[in-house]
Each structure stands twice: as structure tokens, then as C-alpha cells.
Amino acid sequence: MNIEHLKNKFYEYYGEKDNILCFFSPGRVNLIGEHIDYNGGYVFPGALTLGIYAVIRYRSDDIVNLKSLNAKETVTFKLDDIEYKKEDGWGNYPKGVIKYLLRDYSLKGCDILYFGDLPDGAGLSSSAAIEVLTAYMMLYPILKHDIDRVELSLMCQKVENNFIKVNCGIMDQFSVAMGKKNNAILLDCNTLKYEYVPFELKNYSLVIMNTNKKRELADSKYNERRTECEKSLEIIKNYKKVSNLCEAKIDDVYNCIKDETLIKRARHVISENERVVKAVEVLNKGDILSFGKLMNGSHKSLKEDYEVTGLHLDTIVEAAQNAKGCIGARMTGAGFGGCAIAIVESEYIEEFKDIVANHYKNKTGISPSFYTSVIGDGVKFLG
Ligand code: GLA
């Protein structure tokens with residue numbers, strides 16, 4: 001995105017040229033460790049170079065105006081009157097963030113123009129991106145470089161849980177706030193301890209495959225999975241002292257749980273958490289082939305045990321896994337549509353995209369999209 005272009009657009013909309021600042025917040029991709037963040041285990045995401053840009057002008061009154069180049073509606077409100085309104089659509093994310101920030105900071109109004117090159121509804125965390133971006137921009141004049149990015153991500157997660165009412169874990173907001181170029185983040189979701197791991201793929205590339213199937217039932221099924229995990233944990237706790245499902249062992253699951261569905265859910269969580277640890281181990285040794293195999297294992301577990309894939313994700317992942325040059329593929333994010341990722345030998349990428357697109361289109365009638373994004377930085381000031 002050309003910043004000057006966005007600033008000119010801001011001028012067209014708001015008639016102001018001076019004192020405007022531009023910021024960027026990335027989307028994220030989770031490399032492995034799915035449906036683990038709310039079970040206290042390890043996830044391994046990275047920030048993308050795709051994301052959301054915004055230009056802001058701070059006002060001296062208490063009015064906030066929000067516009068986006070990606071949407072028609074304008075959202076306007078006063079700082080002392082912020083409520084969730086269905087008709088405000090995407091505007092509810094910035095509204096929630098500003099409402100929560102006002103609990104700790106005295107803020108003035110502002111005019112904001114957003115633009116995203118991140119497909120929404122694709123499971124690449126456009127909602128975390130707009131939350132973290134808004135929070136960072138609002139705090140920037142007050143705190144500049146002292147913004148605590150971990151605190152920021154925790155606050156944005158609260159907005160998502162309590163204002164938007166999606167019961168997500170911490171992974172998305174954390175990766176978007178803490179991303180680092182060419183590094184994935186190994187995050188322990190129980191303690192929030194984290195480590196940057198260089199994501200170097202030598203002659204391979206990370207390909208993001210968008211099924212272009214909007215995520216369906218994602219919120220209700222997501223909450224259903226969370227409840228199933230909580231139930232499994234409660235049962236295990238009757239026999240053993242564990243504080244989250246990732247602390248349990250697979251034998252605890254077989255010994256304590258009788259319900260077939262709960263066994264499958266817990267088995268996914270425990271095995272996936274182990275896969276993350278192994279994935280980082282092999283990546284650190286430069287063993288990308290083993291990393292790819294773990295990705296395939298992750299998808300199988302999400303399909304058969306956690307049951308969050310469905311026709312579109314399974315079709316695209318299977319096509320990818322069978323394509324020449326691909327050493328591993330899996331769905332990424334919450335599931336039920338959205339995106340999958342693959343690791344592909346760089347010289348075969350064009351051929352790979354053709355084969356996967358043909359196979360996927362024949363079976364589903366939908367054309368997929370591909371992004372060969374690299375891992376980028378977290379939220380930042382651009383100028
Ligand atoms: C969504 C949620 C995250 C995480 C993933 C699944 O992206 O927002 O917190 O649970 O699903 O790994």
C-alpha cells in the first residue's frame with residue numbers, strides 16, 4: 001500500500017492534510033498449534049506482511065469518525081456513548097477498543113481511515129489486526145515507544161471476548177502485536193512466555209491458500225469446542241491435578257474419559273501441543289521435511305479428532321499434499337472454511353498453484369486464492 005495514496009484519500013474524505021499519521025497492523029498465520037491457545041499449551045504463529053493500514057488525525061473534541069476504503073458505512077460516535085450496534089459492522093471493533101482504553105486513559109476524539117489488503121472472513125485475523133491497530137494508534141500520542149504490546153494484546157482479547165462476544169484465545173492479538181520479521185513466535189499460552197524462532201525455509205516457501213469459502217458457524221462451533229475441552233478437563237481433574245488440558249497426558253484421557261467425542265477432542269489438544277514442541281525442535285535443526293510431516297499430522301488430527309475442517313479445507317489441503325514439491329499442508333486458524341497453508345519447494349510454486357486450483361475448483365466450484373506472504377513485523381507506526 002502506498003501511504004501517500006491513503007493520505008490523499010483521507011484528505012478527500014475528511015478535508016484535512018496536516019497532522020495525520022499512518023500505521024500498519026498485520027494479519028497472522030498460525031504455522032502449527034491449532035485450538036491450543038485456550039487450552040494452555042504452545043502455539044507457533046507469525047505476523048504477515050498482509051494487514052490493515054490506517055491514517056489518523058487526533059481531534060480536540062470527543063467525536064470519533066471511522067471510515068474504511070473496504071466498506072461503505074461511516075461510523076460516528078462520541079467517546080461517552082459507545083455501545084455495540086449490529087449495524088456498525090466492522091466499526092464495532094474500534095468502538096470496543098476505544099471504550100476499553102477509556103477505562104485507563106483519557107483520550108480525545110479522532111478521524112480514522114482504514115484500508116486492508118487482508119481478506120476478511122479468511123481466518124487470517126483481520127479482527128485482531130483492526131483491534132490492535134486501533135489500540136496502538138490511540139495510545140501512540142500518549143506512550144509512543146513505551147506501549148506495552150503484551151498488555152495491548154490482552155486488552156484487545158478482552159474486547160473480542162466481552163464487547164464483540166467471541167470467546168477467542170490470546171494467539172491472534174498476541175501475534176499481531178508482537179510479530180517480528182522472518183520470525184515465528186513460540187508462545188506458551190499458559191504463562192505468555194514467548195520466544196522468537198527464525199522461520200527460515202531455505203529453498204521452500206510458505207504458501208497461504210484461501211478456500212474463498214467464508215467461515216460458517218465458526219463462532220458457534222468454536223464455542224462448542226471450547227465447552228467440550230472444558231468438560232474434558234473437568235473430568236480429568238477428578239483424577240489428577242492439572243490446571244489445563246495441555247498438562248494432561250494421553251493416558252489420562254483414555255483412563256478418565258468415557259465419552260467418545262470428548263476423547264477425540266482431548267486427543268487432538270494433547271497431540272497437537274506435542275507436535276508444536278517437535279515442530280520447533282526440527283525447525284531449529286533446519287529439518288524442514290519433518291516440519292512438513294508434522295503439519296500433515298496436525299491437519300489429520302483437526303479433521304478426524306477435532307472435526308473443524310469440512311469439505312473445502314480438506315479438499316484444498318489434500319490437493320496440496322499430493323502436489324509435486326509440497327512437503328506439508330494444513331488448515332490454519334479456527335477452521336470451518338477460511339485458509340490453509342502449505343510448504344512448497346520454491347521452484348514448483350506456479351505449477352503447485354495451478355494443480356491445487358484446478359482440483360479444488362473441480363470439486364467445489366470455487367476458485368481459490370493464493371498468497372506467498374512472508375513473515376513480517378507486528379503493529380507499527382509508518383510515518
Ligand atoms: C481463532 C481464535 C484463536 C485460536 C484459533 C484456533 O483464530 O481467535 O484464539 O483459538 O482460532 O487455533
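None of the values given here were measured: they were computed from a predicted structure. For reference, positions follow the sequence shown, starting with 1. For ligands, and for the atoms within them, numbers begin at 1 and follow the listed sequence.
- Side-chain contact, Y371 with N210: a donor N or O sits under 3.5 Å from an acceptor N or O.
- Evaluation of the side-chain contact (heavy atoms from CB on, under 4.5 Å) rule for K85 yields E87, D88, K95 as partners, not counting sequence neighbours.
- Cation-pi contact between K180 and Y196: present, with separation from the ring centre below 6.0 Å and deviation from the ring axis of at most 45°.
- Contact shell of ligand 1 (protein heavy atoms, cutoff 4.0 Å): R28, E34, H35, D37, Y38, C168, G169, M171, D172, Y222, G333, A334.
- For the residue pair N212 / S369, a side-chain donor-acceptor distance below 3.5 Å is found, with atom types taken as modelled.
- For the side-chain contact (heavy atoms from CB on, under 4.5 Å) test, residues two or more places apart in sequence or in another chain that qualify with E16 are F10, R57.
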Pairs of donor and acceptor atoms involving the side chains of residues 20-29, under 3.5 Å and at least two apart or interchain, shall be tabulated with distances.
residue	atom	partner	partner atom	Å
S25	OG	A129	O	3.2
R28	NE	S125	OG	3.3
R28	NE	D172	OD1	2.7
R28	NH1	G123	O	3.0
R28	NH2	S125	OG	3.4
R28	NH2	D172	OD1	3.1

